Each structure stands twice: as structure tokens, then as C-alpha cells.
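Presented below is the structure to which this report refers.
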Amino acid sequence: MPHRSVGPLEMSRHRTTAAVLLVLLAAWVSSATAGAAVPRLVFPVVAKTTYTNDFGAPRWQGSHEGNDLMAAKRSPVVAVEAGRVVKWTSSRSAGCMLYLYGRSGTTYMYVHLNNDRTLRNDNDGGCRNRIAYAPRLRSGQQVAAGELIGYVGDSGDANGIAPHLHFELHPNGGRAVSPYRRLRDARRHLFQRPRSTVETLELRVRGTVVRTRGDLDPDRIRIRVTQVRLSNGWIAKPARTVMMTLPSEATLRRSTAPGTWTTATIADFSVGSRVQAWTPVMPNARSQARAAPGRLAIRDIVLRR
Ligand SMILES: [Zn+2]
């Protein structure tokens, strides 16, 4: 093949193509790393929550920068990943809000936290701990994934509208992107975690039996949860099921009259039975709050009348 000379014009076209490819490659690499930097989230609300992908929807201030998670007022709001929280109370439109600077470099915004003292729309509570924010939460504090940071409300320009959490996700602290897919993939915890100074917990789980397995070792029972009560008095209504184990030392009882019980066996627990179960003392750990199948044990379970 004869050597073909490359003219200056053609050379520069090649260089331009190479430069464009490099820019595209760099953009692709940075978007891929930005995507990879956001970890699998803990779902930010521990309650029955409804939401759609309303990111980008037209709003009077401009396009909607997050997703609105509709939930009952005062539902627990938790950290979606470990990081540092900063309170923000001076925005008229956001009301009581929080920034969470996640360890991954992602910034999350929690907007319209509760500002009511009672369950009515009294606007009398202010952006204070136990009203908007978790008890004893300090601005600048480090929090663990799943830790209670605040409560759902209707502060700011959500006043008088259905209580919801406006949730934003900013990869690498940059522009907001839709959190929708990450919310769909998020882990729904069974309860809001107390801060790390609380080392151990016990739970009382109330609900109805979905399924029992009396042929396993240990036996298992799946409960559709209506309420979880933590030993520190906190309540959660997590809208999920939990598969708990029944170790051989667990106490199984059946309530026959107020204050009266008889011994029960797993065969007495049928689908739809209303039950109340207590866990043993367990560590205040993310794995316990996540409550994967078989993770939580039952110490005592009562079949309610
Ligand atoms: Zn919103």
C-alpha cells in the first residue's frame, strides 16, 4: 500500500474528533462516578408513605427539585446515610429543614418538617427539637444511617397542605437530581434508630400474622406490623412485614381474658391472628433497624383476643 499523506485539514479533523471523544469519555466517567457515589439509601420516612416522581414538575417557584413524600404528620424522618446534619430554620418557603451531608459526598435536603405543637395545624411549635427535629439533635452533629433526625410536617409553604417531606438529592453536593429511583430502591427500616449513645434496645411489635413456619429450626413467624414500640418510648408505624425467629426458649402465650394467659404453640398462631411480640435486649445497630428476614428474635409472643 502506498503511503497516503494526511493533509493539515484532515489532521485537524482527527484531532477534533479525538478531543470530542475525550470530553465525552471524561463526562461519562464523571457521571458514572457521581452515580456510584450515592449509596443505597435508607428510606427517609418510617411510615406509610405515598409519592410519585414529581421531580421537575412545574411549581410557582420554578421546577420541582425533589420528590414529595406524603405521610402522616409527625412520622419519624431518618438519615438516609451516615453523615452530618445542619439545621436550617430561616427559609420562609422551606420552613423547618435539615441538610444531611452524607459521607458519600451526597447532600440531602429534608424540607417542611413539623412545626405544630399539637396534631392540629397550630404553627405553634417552631423549628425546635421534639417538634421539627429529633430530641437533643444539634446542628453539625454526626448521625448514623437510619437515625431519627426529625418529623414529617407542613412548615413553610406547605402550611395547611397535606403533611409531607420534600426530599432532595444532590450528588457530590451539586445540582439536584430526581431521588425517585433511589427511593424505590431504598431499604425501609422497621424503626427509627436512637442516637449512638443508646447502646441497647428492646422492641414490642404489634401486628397480624402473615405466615408461620413451624418446620424450621428455629421456627419463624412473619408479622404485618401495625406498631413498633421501642424501650425508650418511641413509636413507629413502619408499613411493612417482619420475619422473626422463635428460638426454643421463647415464650408463646394465648390471651384468654384480660390479664390471663395460657401456654400456646406455634400451631395456635394462624394467618390473621393478632399478636404482640417482644424481642430480647439487642444492640442499637443498623442491622436490627433493617430487620432482614430472621434477624430479629422473639423473647415472648402473645396471641391477642
Ligand atoms: Zn416538594
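Remember, it's a predicted structure, so these values are computed and weren't measured experimentally. Order of listing sets the numbers, starting from 1, for every ligand and every atom in it.
- Screening M282, R229, R299 for a side-chain contact (heavy atoms from CB on, under 4.5 Å) with E202, the sole residue that qualifies is R299.
- The side-chain tip of R204 does not point at the ring of W278 from less than 6.0 angstrom away and within 45° of straight on.
- Under the side-chain contact (heavy atoms from CB on, under 4.5 Å) test applied with Y110, the options V85, L69, V77, V152 reduce to a single match, V77.
- Put simply, the side chain of R175 does not reach to within 4.5 Å of the side chain of E65, judged on heavy atoms.
- Within a radius of less than 2.8 Å around the Zn ion (ligand 1), the protein N, O or S atoms are H64 NE2, D68 OD1, H166 ND1.
- For the residue pair R295 / Q288, a side-chain donor-acceptor distance below 3.5 Å is found, with atom types taken as modelled.
- Looking only at atom types and distance, the side chain of Y108 has a donor-acceptor partner in the side chain of E81 under 3.5 Å away.
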